[in-house]
Amino acid sequence: MDNICLCVGKVGNLFTVHRSTFITLYNGAFDSSAAVFLIIKVVYEQGISLRSSFLALSFCSIINILRTFLLMPKDHIPYPLPEHYTYGLTFKKADPYSVEQFERMRDGDMLTDMKESKEKDTTQVPPEDRTQAQDSEEVASFRSCVLSWFFLCQLLWLSIMQLRHYLFIGTLNPMLNRLANNDHTLVSQFTNAFAITQLLGVLCAPWNGLLMDRHKGKPLAPGETEKEADLRSSFLSLFLTSLQCLLFSVCASIPLLPLQYVTFGLQVLNRSFLYGGNAAFISIA
C-alpha cells in the first residue's frame, strides 16, 4: 500500500493549483478498492470459488502494468512543472524532453546567474550574511529529515491513528457477533454495509485536498514562502482528521448495534482523510 501511495503521489505534481486535491483523490480511490471484497463475498455466496475470483483480480492487474509502461513518464515528475513538459505515448513528432534536460538547463541558468551576481555579492554582502545565505541554500540530507522532530511527530501521529483503524477492522466480526447475539443474517447485513461504505472513500478524500489547496492562487503573506503557506494550510486538515478519529473511536466503543452504521461512516471518512492528507502533507513538507 505504501509503495502505491508514494508512487501516485508524484502525479499530483502535474496539477500545480490542485496538487493536494489530486493526491488525496488517488488515495481515496485506493481506499475505495477495499469494496472489491464485497463483490468477492457476494459471488462466493452464489457458488463461485475464491480461486476464480482471485485469478480474475490477478488478470486485472495487467491494466496497471500497461498503464505504468505506456502512460507514466520514464523519469520522476518535477515540481514545479516546467513548460512544455510531456509524458506518455506521443503519436506525432515532438521536441524530445526529459527531466534531466530540464534540470541541466535549470542548473545552467543558475550558474549563469551566480556568475553575474558573484561580484555584486562579494562587494555588497558582509561575510557573516554571506555564510548564512550559503547555509540556507544547502539541501537537507535524508538522515537529517528522518531524525527531525517534525518527521517523528508526524510518524507517531500517523501510526497511532492507523493502529486504531487496524484494531477496529480486526475486531469487527467478533464485535458484530457479540452485539447481534450470533445472528449470522444480521452480522452479514452489517458486514455488507461496512463494505459498501468503503466505496465512499473516493468521494470523501478530495474534500481534504480542497482544504489543503484553499490558499492556492492567493498572494503570499509578507516574508512567507510557498512551503510555509502550504504547511499553514494543512493545519485545518490535521485537526479535522484527529477530531474524526476521536468521534469514530467514541462511537465504536458504544455497544449499540444500530449506532455502528454511524461508526462505519466515520471510519471511512477518517481513513480517507488520514491516508490522503498524510500523502499530501509529505509532498509539501
Side-chain angles (χ1 to χ4, degrees), residues 1-9 12 20-21 23-35 37 140 142-176 178-179 190 194-195 197-213 227-228 230-256 259-285:
M1 171 183 173
D2 294 334
N3 293 332
I4 296 177
C5 293
L6 289 175
C7 292
V8 302
S20 299
T21 304
I23 292 176
T24 54
L25 178 63
Y26 269 96
N27 282 267
F30 186 84
D31 292 339
S32 297
S33 64
F37 281 91
F142 176 77
R143 179 183 176 86
S144 62
C145 293
V146 172
L147 298 180
S148 64
W149 285 107
F150 190 72
F151 172 79
L152 294 177
C153 291
Q154 175 70 13
L155 179 64
L156 178 63
W157 175 81
L158 173 66
S159 301
I160 292 175
M161 289 204 291
Q162 189 172 10
L163 178 62
R164 180 66 189 93
H165 282 272
Y166 285 168
L167 288 175
F168 176 76
I169 295 174
T171 59
L172 177 61
N173 189 260
M175 181 189 68
L176 292 178
R178 176 171 53 84
L179 296 179
F190 274 83
F194 175 74
T197 55
Q198 302 305 305
L199 287 170
L200 301 178
V202 68
L203 301 178
C204 299
W207 291 103
N208 193 15
L210 291 174
L211 288 176
M212 303 182 71
D213 287 332
K227 180 180 179 180
E228 292 173 347
D230 292 339
L231 292 176
R232 177 172 51 83
S233 179
S234 63
F235 172 78
L236 180 60
S237 171
L238 298 176
F239 171 75
L240 290 179
T241 304
S242 302
L243 180 62
Q244 292 166 4
C245 186
L246 176 62
L247 296 177
F248 154 64
S249 300
V250 171
C251 292
S253 61
I254 299 177
L256 187 61
L259 185 62
Q260 301 313 308
Y261 286 117
V262 180
T263 304
F264 297 160
L266 289 173
Q267 189 270 340
V268 69
L269 178 64
N270 183 238
R271 184 184 178 187
S272 61
F273 266 61
L274 176 63
Y275 293 139
N278 181 70
F281 182 82
I282 290 176
S283 66
I284 65 178

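All of these numbers come straight from a predicted model, not from anything done at the bench.
Legend: residues meeting side-chain contact (heavy atoms from CB on, under 4.5 Å) with Leu266, ordered by chain and number and at least two apart, are Leu247, Phe248, Cys251, Val262. Remark: Leu236 pairs with Leu211, Arg214, Leu240 by the side-chain contact (heavy atoms from CB on, under 4.5 Å) rule, at least two apart or across chains. With sequence neighbours left out, Thr241 forms a side chain to side chain donor-acceptor pair (under 3.5 Å) with no residue at all. For Leu256, the side-chain contact (heavy atoms from CB on, under 4.5 Å) partners at least two apart in sequence or on another chain are Ile254, Pro258, Leu259. In terms of the salt bridge (Lys or Arg N to Asp or Glu O under 4.0 Å) criterion, Arg178 has no residue partners (sequence neighbours excluded). Remark: Ser249 engages Arg164 in a side chain to side chain donor-acceptor pair (under 3.5 Å) (not counting sequence neighbours). Qualifying side chain to side chain donor-acceptor pair (under 3.5 Å) partners for Ser159, counting only residues two or more places apart in sequence or in other chains: none. When the side chain to side chain donor-acceptor pair (under 3.5 Å) test is applied to Trp157, the partners found at least two apart in sequence or on another chain are Ser242. Judged as a side-chain contact (heavy atoms from CB on, under 4.5 Å), and not counting sequence neighbours, Ser253 has no contacts.
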Table please: side-chain donor-acceptor pairs of residues 148-155 below 3.5 Å, with sequence neighbours left out.
{"from": "Ser148", "atom 1": "OG", "to": "Cys145", "atom 2": "O", "distance (Å)": "2.7"}
{"from": "Ser148", "atom 1": "OG", "to": "Phe151", "atom 2": "N", "distance (Å)": "3.4"}
{"from": "Gln154", "atom 1": "NE2", "to": "Asn278", "atom 2": "OD1", "distance (Å)": "2.8"}

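To the nearest 0.5 angstrom, Phe190 atom CZ is 10.0 Å from Thr263 atom OG1.
In this structure a side-chain-to-backbone donor-acceptor pair under 3.5 Å is present from Asn208 to Phe273.
Taking the six-membered ring where tryptophan is involved, the planes of Phe235 and Phe239 are essentially parallel, since the angle between them stays under 30° and well short of 60°.
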